[in-house]
Amino acid sequence: MSITLSSLILCPIWISMAQIQQGGPDEKEKTTALKDLLSRIDLDELMKKDEPPLDFPDTLEGFEYAFNEKGQLRHIKTGEPFVFNYREDLHRWNQKRYEALGEIITKYVYELLEKDCNLKKISIPVDATESEPKSFIFMSEDALTNPQKLMVLIHGSGVVRAGQWARRLIINEDLDSGTQIPFIKRAMDEGYGVIVLNPNENYIEVEKPKIHVQSSSDSSDEPAEKRERKDKVSKETKKRRDFYEKYRNPQREREMMQLYIRENGSPEEHAIYVWDHFIAQSAAENVFFVAHSYGGLAFVELMIQREADVKNKVTAVALTDSVHNVWHQEAGKTIREWMRENCCNWVSSSEPLDTSVESMLPDCPRVSAACSTEM
């Protein structure tokens, strides 16, 4: 039987509890004190002591996975699909491993957008300085010059980034199911320019700067003996604090802070920014949107902020399981009327494809996608 560090720490406490509970009423005070101690132990943090290091590969090859000719993620040696529970009873470690793999897949999809779809990566804000946080979108060569048709793709919320519908589907199904690549290729084959938004790339993360506290002895006129005593106490306090931090955060995970990207700090801001600086400037006579989940909400917000321009330029909008709400977003009557004529929301349903699905909202029609569109 393996004995973990957490069990070594907890066992004496449980033994003491059992002994006290066998005593009489005089022991109630001790029982209360121990219960208070137990309530203040963060078991999640404690269990980190038994985790393997959170040190994961930074390439698919390092994970020993690759996408096969069908676009399915498979283990290089066994040919098996991805296994989430790589180490049993270590859910947090498995989740961190999954997230690390997801970051690699995000970069892999970016490469496919550039190499397989021939899209260009465009940095935003367009007037960003060298030092400020930046994001990016992807566009086809003719996105701004195509005189006829432009397709704009917006994904939902969460960890997905430009070119993805769902990370889970990419990992567990295939690239065609989880990415926007089939949409992009078909649109380009049919003569559309393409713009791929990146609404979840709202900030960059940097490590929090360490705060250096100046020693009181540096600027004090106290006697040398008193300063030495205070310095000794300060060093002992720091030693105890460092020991506790090593216990509390054994994996030494870095503390991060977020620096938001100017005018792109939310999906809604991002959609408006890309509209103003790219879509509105395009030559296309007809603009079409495909928006999934929160992307639908971002589109409705764009309509609220740029109603006349959107009506003048957008021909049709295909929504998939959109989470927009015209009441909560306070979309006016003219917007709701336009959406009824120009938008359609395909939703998860077991009904045959395009079967009308009842809606309580007075906006666009809802029809069945004939399957789960959960992404």
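Throughout, numbering of the chain's residues begins at 1 and tracks the sequence.
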Side chains of [X] and [Y] in contact at under 4.5 Å (non-hydrogen atoms):
| X | Y | result |
| --- | --- | --- |
| Trp338 | Val314 | yes |
| Leu119 | Ile184 | yes |
| Phe82 | Ile170 | no |
| Leu60 | Leu101 | yes |
| Pro199 | His155 | yes |

Worksheet item: Where do Gln329 and His324 land on the side-chain contact (heavy atoms from CB on, under 4.5 Å) test, with the steps shown first?
Response: CA-CA 8 Å; Gln329 293 181 259; His324 72 274; 3.4 Å; yes

Discussion item. Assess the residue pair Met139 and Val194 against the criterion (side-chain contact (heavy atoms from CB on, under 4.5 Å)); give the C-alpha distance rounded to whole Å, side-chain angles, the decisive distance to 0.1 Å, and a yes or no.
Written reply: CA-CA 6 Å; Met139 299 197 313; Val194 175; over 6 Å; no

Item to complete: Go through the steps to decide whether Phe67 and Tyr108 satisfy the test ring pair (Phe, Tyr, Trp, His ring centres under 6.0 Å), and finish with yes or no.
Response: CA-CA 10 Å; Phe67 286 99; Tyr108 183 81; 5.0 Å; yes

From [X] [atom1] over to [Y] [atom2], what is the distance, rounded to the nearest 0.5 angstrom?
| X | Y | atom1 | atom2 | answer |
| --- | --- | --- | --- | --- |
| Leu112 | Thr179 | CG | OG1 | 7.5 Å |
| Met303 | Cys343 | CE | SG | 7.0 Å |
| Lys120 | Ile137 | NZ | CD1 | 10.0 Å |
| Asp276 | Gln281 | CG | CD | 8.0 Å |
| Met339 | Glu337 | CE | CD | 12.5 Å |
| Ser282 | Ile195 | OG | CD1 | 6.5 Å |

Side-chain donor/acceptor of [X] to backbone N/O of [Y], under 3.5 Å:
| X | Y | value |
| --- | --- | --- |
| Lys313 | Ala284 | yes |
| Asn345 | Ser322 | yes |
| Asp142 | Thr145 | no |
| Arg340 | Pro365 | no |
| Asp321 | Ser348 | yes |

Worksheet item: Applying the ring pair (Phe, Tyr, Trp, His ring centres under 6.0 Å) test to Tyr98, which of Tyr86, Tyr65, Trp93, Phe84 qualifies?
Response: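 With Tyr98 as partner, ring pair (Phe, Tyr, Trp, His ring centres under 6.0 Å) holds for just one option, Phe84.
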
Hey, quick one: are [X] and [Y] part of the same hydrophobic cluster, counting side-chain heavy atoms closer than 4.5 Å, chains of contacts allowed?
| X | Y | value |
| --- | --- | --- |
| Val310 | Phe278 | yes |
| Leu113 | Ile104 | yes |
| Leu73 | Val109 | yes |
| Val160 | Ile204 | no |
| Phe138 | Leu175 | yes |

Worksheet item: Could Glu111 and Lys107 be called an ion pair, given the rule that one side-chain N must be under 4.0 Å from one carboxylate O?
Response: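 Salt bridge flag = no for Lys107 with Glu111.
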
Discussion item. Under 4.0 Å between a side-chain nitrogen and a carboxylate oxygen: does that hold for Lys70 and Asp176?
Written reply: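 Not counted as a salt bridge, because no side-chain N and carboxylate O are separated by less than 4.0 Å.
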
Worksheet item: What pairs meet the salt bridge (charged side-chain N to carboxylate O under 4.0 Å, His left out) rule with one or both residues in residues 259-275, with sequence neighbours excluded?
Response: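 Salt bridge (charged side-chain N to carboxylate O under 4.0 Å, His left out) check on residues 259-275 returns Asp127-Arg262, Glu132-Arg262.
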
Practice prompt. Under the side-chain contact (heavy atoms from CB on, under 4.5 Å) rule, what do Ile304 and Glu330 come out as? Steps first, then yes or no, please.
Written response: CA-CA 8 Å; Ile304 293 169; Glu330 299 183 355; 5.7 Å; no

Item to complete: Just grab all the side chain to side chain donor-acceptor pair (under 3.5 Å) pairs involving residues 187-205, residues at least two apart or on different chains.
Response: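 Passing the test, one end in residues 187-205: Arg161-Glu201, Arg186-Glu190, Tyr203-Gln258.
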
Discussion item. Take a 6.0 Å sphere around CD of Glu99 and say whether it holds more than 12 heavy atoms from other residues, nucleotides or ligands.
Written reply: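 Correct, the count exceeds 12.
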
Discussion item. For Tyr110, does the six-membered ring have the charged nitrogen or CZ of Lys121 within the cation-pi criterion, i.e. under 6.0 angstrom from the centroid and within 45° of the normal?
Written reply: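 Yes, Lys121 lies over the aromatic ring of Tyr110.
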
